[in-house]
Structure formats: C-alpha cells, structure tokens
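A short write-up of the structure that comes next.
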Number of protein chains: 2
Amino acid sequence: MTTIRDVARQAGVSVATVSRVINGNSYVNKDTESRVREAIQVMDYEPNTVARGLASKKTGTIAVILPDIMNPFFSELARAVEDTARHHKFTVIFCNSDDQAPKEKLYIQVLQQRYIDGMIFASNTLDEEDIQTMRGHGISLVVLDRAPRRGNCSIIRSKNVEGAKTAVQHLLSLGCRKIAHIAGPEELITAQERKQGYLDTIRHLKGFDPALIVPGHFSISGGIGAAQALLEYHPDVDGIFAGNDLMAAGALKALHRMGVSVPEQVSLCGFDGVAIAEMTEPELTTVAQPIYEMGATAAKRLIGRIRGETEEPSVTELDVQLVERDSTKRRVRR
Amino acid sequence: MTTIRDVARQAGVSVATVSRVINGNSYVNKDTESRVREAIQVMDYEPNTVARGLASKKTGTIAVILPDIMNPFFSELARAVEDTARHHKFTVIFCNSDDQAPKEKLYIQVLQQRYIDGMIFASNTLDEEDIQTMRGHGISLVVLDRAPRRGNCSIIRSKNVEGAKTAVQHLLSLGCRKIAHIAGPEELITAQERKQGYLDTIRHLKGFDPALIVPGHFSISGGIGAAQALLEYHPDVDGIFAGNDLMAAGALKALHRMGVSVPEQVSLCGFDGVAIAEMTEPELTTVAQPIYEMGATAAKRLIGRIRGETEEPSVTELDVQLVERDSTKRRVRR
DNA sequence: ATGAAAGCGCTAACAA
DNA sequence: TTGTTAGCGCTTTCAT
C-alpha cells in the first residue's frame with residue numbers, strides 16, 4: 001500500500017505539500033503540483049479515508065435512517081440518496097429503524113463514533129435532545145418526509161395536506177357521496193396531515209361521519225383489514241382515500257375478495273406514487289410525490305451543509321400531483 | 001468527547017490496559033478490569049471507531065453491492081443483511097451498481113480506501129482480478145445470488161435450475177401444451193440457469209420451439225414487451241414461465257391488456273417470491289426463494305470469515321419452493 | 001498482569 | 001510557497 005510519504009519521497013517534497021495538492025486548499029507552485037500529481041499517478045496512490053477521517057474528523061460518509069428499506073417508498077428514497085451521494089463522492093450507510101425509537105438512538109450513537117458527516121432521517125422519533133447531541137458532534141442533519149415536532153433543522157417534505165385535499169376533491173368531483181379514509185399511524189406527521197386534508201375537505205359536507213376514518217398502519221395488511229372493517233359497517237361507502245399506496249393496494253385486494261368492484265362500486269385513491277400502484281388491476285389513482293427528487297434534494301442539501309455552503313436550516317415543500325388511473329371513475333350523480 | 005486516555009487516568013491505569021479490557025483479548029486482573037469498567041461507565045466512554053480502524057485496519061463495516069435497491073428482491077436481501085450485520089455490531093454501506101462493471105470497480109476502489117472488512121456482492125461482473133485485489137487487501141468476500149465464473153470465494157445462491165424445472169413441470173401437470181419462457185439477461189447466471197431448467201424439462205417434448213424463449217430483462221417493462229411479442233407470434237401459448245416475478249407481473253399486465261385471461265387461457269408462473277407477486281390480480285404462482293434467509297446467511301458467513309471463524313470458501317445452495325396461487329390453474333387435457 | 005511507546009496515514013498549525 | 005511536527009484516538013509490540 002502506498003502512502004502519502006511514498007508519494008512525497010517520489011516527488012521530492014514534504015507530505016504537507018502532497019496533502020495540499022490532494023485537498024487543493026492551499027497554494028502550491030504549479031511545477032511542484034504537477035510533480036506531485038505525476039508521483040501520485042506513478043505510484044498509483046489513493047488517500048486512505050480512515051486516516052483522513054481521524055485527522056480531520058470528516059469521513060465523507062453520510063447515513064440514512066429509514067423505517068424499512070423494503071417499503072418501496074423508502075427504497076426509492078434510498079436509491080436517490082445513494083446516487084446523489086456517490087456523485088459527490090460520499091458513501092452512504094443505511095439503517096432500518098422500524099420506527100422504533102431505541103433503534104434510532106442506537107444508530108445515532110454508533111454513527112457518532114464513526115465520525116459520520118451527516119444524517120438523513122426519514123424516520124420519526126427524533127427529539128430535541130437528539131438534534132442537539134448531533135449538532136454538538138458536528139453532524140449535519142436533514143429530516144426527510146417526516147418532520148420532527150420542532151423544526152430547527154433542514155427539512156424536505158411534500159405537501160401532504162394539499163395532496164389529500166386534491167384526492168378527496170377528485171373523489172367528490174366523480175360523484176362519490178360517502179368517502180372513507182384509511183389512515184396511517186397517528187404518530188406520524190405525514191399520516192396526520194393526510195387525514196387533516198381529508199377532514200378539511202369533507203368535514204362540513206352532509207353525510208360526513210368520523211367513523212369513516214379507519215386505521216391501516218401504512219401497510220398492505222393494514223389496508224386489507226381497514227377495507228374489510230369499513231365495508232362491513234358501512235356497505236354504502238362509494239369512495240376511499242387511502243393514506244398511502246400500500247394501504248390502497250391492500251384495500252383493493254380486500255374489496256376484490258368481498259366482491260366489491262373498483263371503480264364501479266367504490267372509487268379508490270392512494271398516496272405516494274410508488275411503482276406497485278401500477279401493478280394492481282385496476283391500476284391505482286394516486287397522489288404522487290416526487291419521491292426520487294425528495295431523496296436527491298435531501299442528499300444535496302445535506303452535502304451542502306456539510307461543506308458549509310448552505311447556512312441556515314430551511315424547509316422545502318415539494319409539490320404533489322394527482323395521477324388519475326383506473327381505480328377512480330366518474331359516476332352518475334344521484 | 002472522552003477518549004481512552006481519560007478513562008485510563010480515571011481508572012489509574014494505562015491506556016493499554018483499557019484497550020485490553022475493551023477488546024478482551026488479553027488477560028487483565030479482575031480488580032483492574034472492574035475499575036476500568038467502572039471508569040468507562042462513569043465517563044460515558046465510547047471507543048472511537050475511526051481511530052480503531054486506523055490502528056487495527058478493522059472497521060466493523062461491510063458493504064453490500066447490489067444492482068438496484070428499488071428491485072424488491074434486492075431490497076429484501078439488503079434488509080436481511082442489515083439486520084444481521086447490526087446484530088453482530090457491524091455497519092453496512094450499500095451501493096447500487098446497475099449491473100455496470102465500471103461502477104462496481106469504482107466501489108471496490110473506494111471501499112478499499114475505507115478499510116472495509118468485507119463485501120457482499122449481489123451483482124455480476126466480478127472477475128478474478130477483482131477477487132485477488134480484494135484478497136490482497138484482506139477484504140473478505142461473499143457472492144450472493146449471482147455466482148462469479150470461477151468460484152474461489154464463498155457463495156450463497158439458490159437452486160435455480162431445479163426451481164425452474166419445478167415450475168415448468170407444474171405447468172405441464174396442469175395440462176399446458178405450449179409453454180413459453182420469458183428469460184432474464186443472458187449474461188446473468190441466474191437467468192441462464194432458469195432458462196436451463198426450462199429447456200431441460202421441455203426440450204424433448206413435442207411442440208417445443210426455441211422461439212418460445214423471449215427476453216424480458218428481469219424488469220416489469222421487459223415482461224410486458226415479452227408477453228406482447230409472444231402472443232403476437234404464438235397466440236396459442238397456454239403457459240408462461242417467467243424468469244422472475246417482475247417479468248411475470250409485467251406479462252400479466254400485458255395479457256390483461258390484450259384480453260387474454262389468466263389462468264383460463266394462459267397459466268403464468270414467476271420466480272423469486274417477492275411481495276409484489278401477491279399484489280396482482282390474479283395473484284402469481286411463483287417459485288419462491290428464501291430471500292431473507294439468503295441475505296442473512298450471506299451476512300453471517302461474511303462476518304464469520306472476517307472474524308476468522310470460518311476458513312475456506314464454501315458454496316451454499318438454498319432450496320426453493322413452488323407457491324401455487326391463482327395465476328396457474330388445472331385445465332382439461334385435450 | 002501492566003505500562004511505555006511506537007506507530008496507523010493523514011491534516012493542519014506554525015515556521016521558515 | 002514549502003517543510004517540520006504535533007497530533008487525531010486507538011492497537012500492539014516489547015519490556016518489566
């Protein structure tokens with residue numbers, strides 16, 4: 001293994017000079033520089049990231065904490081983060097939290113010991129203390145998708161309330177009269193906001209019934225259970241807005257099993273815009289988030305902060321878009 | 001930040017002693033040990049992973065190189081690896097290669113500079129030189145799912161040929177007479193083997209036609225295109241074995257669009273056993289691999305090798321299992 | 001059983 | 001503009 005000393009010797013300069021040309025943070029004579037570069041070539045030198053990390057406390061590594069990489073929404077986010085990070089010569093460590101606070105805390109601790117430069121949190125239970133701890137350790141932080149209670153850090157999210165309103169209005173415009181909502185976990189801000197959008201749109205209309213909101217845990221099986229319960233107690237439901245596509249897919253499955261046809265009897269709309277929404281039959285209408293863009297933006301923002309280019313914490317809200325497919329269909333107004 | 005020196009001072013011993021109790025690799029007096037442990041408690045000390053890495057060349061980090069984390073097969077693999085790694089106190093770096101050799105080479109290089117302890121390769125283009133390079137750098141290697149041409153390293157895979165045979169035999173037993181195969185990329189060993197299993201089972205039967213093998217690139221869109229082409233030229237196909245579930249899902253979509261009913265007119269069987277296979281309507285019969293187990297086994301094997309517990313490279317072939325669902329159905333023999 | 005001290009490979013003052 | 005050198009925090013001989 002060739003080290004910086006070998007290169008220095010080869011080029012007839014000191015290690016400091018070699019370090020300078022590598023990092024390009026100090027003036028080096030043109031000639032010396034080219035001698036050094038040549039030596040680097042000749043000796044096939046690659047700086048050792050670990051040594052560099054120990055000396056500078058910067059490792060060129062970021063971590064992304066997400067609930068579960070198997071959830072297609074998060075795997076797309078992860079993909080975007082990794083692509084962007086690699087483009088900027090950063091390496092990414094990934095961690096599944098299952099939305100469990102203890103796991104998140106453990107990760108934070110482990111990652112601090114590794115001189116991680118920054119973290120992207122697409123998971124929930126970050127509290128003020130965690131944020132301060134990380135700040136104290138000089139770890140930059142970007143919260144993605146799920147914002148923390150108090151927002152003194154960079155946040156990338158999309159317009160959940162607005163998107164939910166669009167979805168429900170779409171259902172209304174189709175002629176749906178009794179629209180239910182399959183909600184995500186109450187503790188998740190995204191779920192809260194989508195429910196809020198649903199409520200804001202529908203609360204004042206006649207026929208509104210809070211019992212039309214059922215929990216679906218943001219999962220396929222949750223969606224199945226929710227749709228079953230819903231149709232059992234409210235067989236006249238003619239529209240369902242699910243808080244994410246996974247639940248919508250589950251609901252579709254359940255409705256099919258119960259012999260309820262979509263969209264003829266029930267119009268169904270999801271949220272997220274993941275690939276699976278196109279795999280069902282009928283394909284799912286959904287409120288699409290710019291998932292890849294969210295991940296890419298988060299990574300860019302984080303790296304900007306790490307490099308000291310961006311200063312203050314900023315909140316970015318990305319637009320969502322209704323994608324009409326076969327699971328919603330205009331019906332005759334009664 | 002508290003360092004090993006702080007702890008040593010607090011406990012009234014040398015840093016070497018502290019290091020010894022942390023690593024438990026040398027005899028330390030019981031009393032001294034408990035004094036040190038207490039000091040560690042009191043001072044809330046956490047060893048610095050980076051410093052440790054520089055001194056020992058072991059970082060407690062493994063990398064997993066996969067084609068694309070967005071592919072549900074690989075995200076499940078990734079999840080299994082991360083769970084297992086965390087359990088053993090390892091951290092995982094993940095890298096998407098898109099099956100492009102240059103990206104893989106770049107990752108190998110970058111990861112070497114980081115004193116990675118080992119890598120899990122679920123990607124393709126690893127050549128003998130790469131393997132030797134990594135060996136030279138003391139990086140352990142496990143190849144997952146896609147074995148390299150020559151196998152002088154640990155390999156975890158599943159029984160592709162056998163699984164494909166099972167699938168085709170299942171189709172035959174149902175009464176299918178004209179069975180097509182949607183194949184994965186020719187350069188991938190998994191795709192080759194599944195095609196092999198198909199051929200071995202069907203080649204000698206009357207009615208076999210090599211034109212019934214069409215490429216589907218292991219992707220949804222590839223499956224769509226393949227099914228379209230297939231039905232156009234061979235409208236009397238009554239069974240399709242797709243090399244993976246993504247292509248099967250795509251084929252199902254295409255068949256539906258063409259008005260061909262599954263399983264009434266065409267029986268369809270996939271391979272992998274990913275979640276998406278249960279989301280379609282009808283649900284897909286598939287040859288399920290023990291995906292999570294594959295990832296977990298790979299991680300365990302790798303960590304075993306890193307710790308010097310396991311010695312020689314070994315090849316593990318896991319069993320696959322036919323999961324019968326609604327996309328295949330017994331038909332009347334003509 | 002324990003300590004002293006020499007690195008690991010690099011960065012970053014501080015000098016020159 | 002360049003070199004010298006003291007760390008970064010830990011592991012690991014080599015003594016004792």
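The figures that follow rest on heavy atoms only: side chains count, while hydrogens, waters and symmetry mates do not. Just so it is clear: chains get the letters A, B, ... in the order the sequence lines come, proteins before strands, and each one is counted from 1.
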Checklist entry - Which whole-number value in Å describes the distance from K58(A) NZ to dG9(D) P? => result 14 Å
Checklist entry - Is the backbone of V50(A) close enough, under 3.5 Å, to the side chain of N48(A) for a donor and an acceptor to pair up by distance? => result yes
Next on the checklist: Rounded to the nearest 0.5 Å, what separates atom CD1 in I65(A) from atom CE in M119(A)?
Outcome noted: 3.5 Å
Checklist entry - First and last nucleotide of DNA chain C in contact with chain B, 5' to 3', at under 4.0 Å to a heavy atom: what are they? => result dA1(C) to dG9(C)
Next on the checklist: Base contacts versus sugar-phosphate-only contacts with protein, heavy atoms under 4.0 Å: please encode nucleotides 10-16 of chain D as B, S and - from 5' to 3'.
Outcome noted: BSBB---
Checklist entry - Are any of the side-chain nitrogens in R79(B) or D83(B) under 4.0 Å away from the carboxylate oxygens of its partner? => result yes
Next on the checklist: Strictly below 4.0 Å, N to O, side chains only: are R305(B) and D117(B) in salt-bridge contact?
Outcome noted: no
Item to check | Main-chain N/O of P47(A) paired to Q113(B) side chain as donor or acceptor, under 3.5 Å | outcome: yes
Next on the checklist: If I take atom CE in residue M1(B) and atom C1' in nucleotide dG9(D), what distance separates them, rounded to the nearest angstrom?
Outcome noted: 8 Å
Item to check | Gap separating the CG atom of D145(A) from the CD1 atom of I291(A), nearest 0.5 angstrom | outcome: 9.0 Å
Next on the checklist: For the helix from dA1(C)-dT16(D) to dA16(C)-dT1(D), what angle separates the axis at the start from the axis at the finish, each from five pairs, in steps of 10°?
Outcome noted: 40°
Checklist entry - Looking at K57(B), H137(B), K58(B), which one forms a side chain to side chain donor-acceptor pair (under 3.5 Å) with Y115(B)? => result K57(B)
Next on the checklist: To check you understand the geometry: which heavy-atom pair defines the closest contact between S97(A) and K103(A), and what is its length?
Outcome noted: O-CD, 3.7 Å
Checklist entry - At what distance, to the nearest 0.5 angstrom, does SG of C95(A) lie from CD1 of I69(A)? => result 10.5 Å
Checklist entry - Would you find a donor on one side and an acceptor on the other, under 3.5 Å apart, between the side chain of S19(A) and the backbone of V15(A)? => result no
Next on the checklist: Here's a test of your reading of the structure: between G12(B) and Y115(B), which maps to the more 5' nucleotide of DNA chain C?
Outcome noted: G12(B)
Checklist entry - How would you label the contact of V13(B) with the nucleic acid (heavy atoms, under 4.0 Å): base, sugar-phosphate, or nothing? => result sugar-phosphate
